[in-house]
Amino acid sequence: QAMTLVLDYGPGQDAEKTFARVFAEAGGTVDLNTADAADLQTLPGIGPAMAEKIIAHRETVGPFTGLQDLDAVPGIGPATLDRLRDHVSW
């Protein structure tokens, strides 16, 4: 499915957003293997502390290969996995 993205940085808008953040906010997915903490925080239920845990897990264990890999991140359980299912990629 193709998506056209138009960025309009009008008054009061943040011109520093990364493409990943804008894409996620537009309904795309966040790549767990390349996202920074700010990108991860666009995901439902992911705050600063959980974003850092996801990054630490990725740096320690290696790249995510599927949704089930998130289950190994401390603090992520079945409910969080369900919320993230349609919002992440790897």
Side-chain angles (χ1 to χ4, degrees):
Q1 178 179 355
M3 179 186 290
T4 301
L5 182 62
V6 177
L7 301 177
D8 179 15
Y9 295 115
Q13 291 190 6
D14 182 5
E16 297 299 316
K17 287 185 178 179
T18 66
F19 178 77
R21 242 172 281 155
V22 172
F23 187 68
E25 291 169 2
T29 59
V30 172
D31 186 325
L32 295 174
N33 292 317
T34 59
D36 64 16
D39 296 333
L40 292 169
Q41 289 175 59
T42 66
L43 295 167
I46 303 298
M50 185 56 66
E52 291 304 326
K53 288 180 184 180
I54 292 169
I55 292 169
H57 179 80
R58 178 178 72 201
E59 291 174 348
T60 303
V61 177
F64 292 93
T65 60
L67 185 67
Q68 72 283 354
D69 292 347
L70 272 175
D71 193 39
V73 176
I76 293 185
T80 303
L81 288 176
D82 285 342
R83 278 197 310 271
L84 296 177
R85 183 173 314 281
D86 296 328
H87 301 282
V88 295
S89 58
W90 36 92

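Position 1 is the first residue of the sequence, and the numbers go up from there.
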How long is the straight-line distance from [atom2] of [Y] back to [atom1] of [X], given to the nearest 0.5 Å?
| X | Y | atom1 | atom2 | value |
| --- | --- | --- | --- | --- |
| D71 | H57 | CG | NE2 | 9.5 Å |
| Q68 | L81 | CD | CG | 9.0 Å |
| D82 | R85 | CG | CZ | 5.0 Å |

Any donor-acceptor pair under 3.5 Å from D39 side chain to D36 backbone
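At least one qualifying donor-acceptor pair exists.
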Within a strict 4.5 Å, meaning less than it, do heavy atoms of the I76 and K53 side chains meet?
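SC-SC contact between I76 and K53 ruled out.
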For T60, enumerate each residue passing the side chain to side chain donor-acceptor pair (under 3.5 Å) test, keeping only those at least two apart in sequence or located in another chain.
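Partners of T60 by the side chain to side chain donor-acceptor pair (under 3.5 Å) criterion come out as none, since no residue qualifies.
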Residue pair [X] / [Y]: nearest heavy atoms and the distance that separates them:
| X | Y | answer |
| --- | --- | --- |
| P44 | H87 | CG-CD2, 3.8 Å |
| Q41 | A51 | CG-CB, 4.0 Å |
| A37 | E52 | CB-OE2, 3.4 Å |
| V30 | A35 | CG1-CB, 3.5 Å |
| L32 | F64 | CB-CD1, 3.6 Å |

If the test is side chain to side chain contact (heavy atoms under 4.5 Å, CB included), which one of T29, N33, L67, I54 qualifies with V88?
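Testing each of T29, N33, L67, I54 against V88, the sole residue satisfying side chain to side chain contact (heavy atoms under 4.5 Å, CB included) is L67.
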Which is it for I46 and R83 under the side chain to side chain contact (heavy atoms under 4.5 Å, CB included) test, yes or no, and what are the steps along the way?
CA-CA 10 Å; I46 303 298; R83 278 197 310 271; over 6 Å; no
